[in-house]
Protein chains: 2
Amino acid sequence: MNAPATIGTTEKVADAIRSGIRTGQFVPGQHLVEAELTLRLGISRSSLREALRHLSGDGIVAIHRYRGAHINRLTRREVRDLLEVLEQLVRLAARLGAASGHANRSLMDAALDAARRHDEDGDHRSYIAVRQAFYDCLFEVAGNRELPRVTPLRRADLFRAQIRPYQTRAQQDSHTEGYRAIAQTVNDGDVEAAEAAVAALFAQTHAMVDELPDVAFDVD
Amino acid sequence: MNAPATIGTTEKVADAIRSGIRTGQFVPGQHLVEAELTLRLGISRSSLREALRHLSGDGIVAIHRYRGAHINRLTRREVRDLLEVLEQLVRLAARLGAASGHANRSLMDAALDAARRHDEDGDHRSYIAVRQAFYDCLFEVAGNRELPRVTPLRRADLFRAQIRPYQTRAQQDSHTEGYRAIAQTVNDGDVEAAEAAVAALFAQTHAMVDELPDVAFDVD
DNA sequence: CAGATGAAATCGTAGGACGATATTGACGGA
DNA sequence: TCCGTCAATATCGTCCTACGATTTCATCTG
């Protein structure tokens, strides 16, 4: 097997914090006190510290010596840099996926279904599910195993968490529609259209970032 | 300050292992026994385990439950996937660097100097220095702070370590010349030429990977 | 009110303990 | 001889305690 038979405590803790960020349980900028977290999660300090070290590698938390760990809060510039890098990687994924001509349909259907479901209820939880399903599928059809390792999706989750209070329902729907467009073009095997769809989605996101108020971001 | 005032034990250990991989002290595939490493590095198990967790995040070591950590050894496919991703990111860096029209000259000069020095002595240590200096400068000129975080250079070091015994001096020089060409085009602010130079370098690397024997890689 | 100061909070590292699991090698039967 | 079983060993995962190092913050002093 490639995957471990059982999941260790460290992974569970890291997942708990990651999902806590997506659900709003942890807020960007929040200070993480070791003693408190060990109690709350019912684990030892060793395990927690390993998990925090793991998360700091993903750029989710920052650790300052003797000052502890805190959930990262991105500056506007960091978000722009992040989007710039992310776009290239998603473009690559879309290109590979469209070119593979594989059994994309069945895979991308999941993302499309999720998008449809989001259109119906439209709360935040299903929005997260759409994002997750979309990227999972995209990386799967792309067939490049380095892509999911490198792509800073967890860091993008930080961004999502930061801007959530300032994002309108219309913007969210528009973004989901962007995912749908990419899935569609990848499904069709149209490489150029897929890349264009990715570019359009990120152009839209960049525009949104430009319009957000300063309070949505960390100071430089 | 953005950087911590002092460096912690964890970082020192991680750096020691990383540089150990570049210098050949640690070999891809090698099993890392905690007890042995704690003695060798003169640190506690807590610190070592944090460091290993950190390195596993970079994809340098793999940790299997109850079986310990070992230096990753890439399969041919993993190398291809890695190069595919790496190319996109270096392309982005080159494009940004060339477009910025910043004070590139003074920055890239360092890389060019290193390349020239390598041409003279041509041992492996200076080759490593060239690589390091080149990427440092490139990311600096690109001005995107997410790039150095995301770019899997440490993983590429693994690849370099694996193929070292099978790489000829001519191939190494050719690769260094590729760096020089990229630095030159970025310096000139020629975006298209810079991207072409990156593409050429990676095409060459891909060709080399295709010609390497199976023993240079891990089994799938 | 600014700066010094000391106590409290928190982190970094070390090291020990013990259960859990994988690996190894011995053993016996087909 | 070969193969499966099983015990012994090595190693890891997790928890715990301890203590020095450093930051943080409230308090005191001028």
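Residue numbers start from 1 in every chain, and the chains themselves are labelled A, B, ... in the order their sequence lines are given, proteins ahead of strands.
Results of the side-chain contact (heavy atoms from CB on, under 4.5 Å) test with Tyr135(A) over Leu147(A), Val130(A), Val90(A) single out Val90(A) as the only residue that passes.
Taking the ring centroids of His206(B) and Phe202(B), they lie at or beyond the 6.0 Å cut-off.
Taking the side chain of Arg45(A) as heavy atoms from C-beta on, and the options dC11(C), dT11(D), dG13(D), the nearest nucleotide is dC11(C). The listed nucleotides are dT13(C), dT11(D), dG12(C); the one nearest the side chain of Val33(B) is dT11(D). Closest approach to the Tyr66(A) side chain among dT13(C), dT14(D), dT23(D) is made by dT23(D) (side chain taken as heavy atoms from C-beta onward).
Remark: C1' of dG12(C) and CD of Glu50(A) are 14 Å apart, rounded to the nearest angstrom. Following rounding to the nearest Å, Leu37(A) (CG) and dT14(D) (P) show an atom-to-atom distance of 17 Å. Look at CD1 on Ile63(A): it is 14 Å from C1' on dT13(C), rounded to the nearest Å. One atom, CG of Leu48(A), and another, C1' of dG13(D), lie 15 Å apart when rounded to the nearest Å. One interatomic measurement links the two molecules: NZ of Lys12(B) to C1' of dT13(C), which rounds to 11 Å at whole-angstrom precision. Taking atom CG of residue Leu39(B) and atom P of nucleotide dA14(C), one finds them 12 Å apart after rounding to whole Å. Between Glu34(B) atom CD and dA14(C) atom C1' there is a gap of 15 Å when expressed in whole angstrom units. In this structure, the CG atom of Leu41(B) is 14 Å from the C1' atom of dT13(C), given to the nearest Å.
Here Thr10(B) reaches the OP1 or OP2 of dT13(C): one of its side-chain N or O atoms lies under 4.0 Å away. OP1 or OP2 of dC15(D) has at least one side-chain nitrogen or oxygen of Ser47(A) nearer than 4.0 Å. Put simply, Arg67(B) has no side-chain N or O that comes within less than 4.0 Å of OP1 or OP2 on dT21(C). An OP1 or OP2 oxygen of dT13(C) is reached within less than 4.0 angstrom by no side-chain nitrogen or oxygen of Ser44(B).
The residue among Ile43(A) and Leu32(B) whose nearest nucleotide of DNA chain D is located toward the 5' end is Leu32(B).
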Begin with the C-alpha distance, continue with both residues' side-chain angles, and end with the deciding distance and a verdict on salt bridge (Lys or Arg N to Asp or Glu O under 4.0 Å) for Lys12(B) and Asp15(B).
CA-CA 5 Å; Lys12(B) 271 192 293 190; Asp15(B) 279 346; over 6 Å; no

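Across all strands shown, Ser46(A) has heavy atoms under 4.0 Å from base atoms, whether or not it also approaches the sugar-phosphate.
Using a cutoff of 4.0 Å between basic side-chain nitrogens and carboxylate oxygens, Glu78(B) and Arg73(B) are not scored as salt-bridged.
Between His64(B) and His70(B), the ring planes lie parallel to each other; the angle is under 30°, not in the 30° to 60° tilted range.
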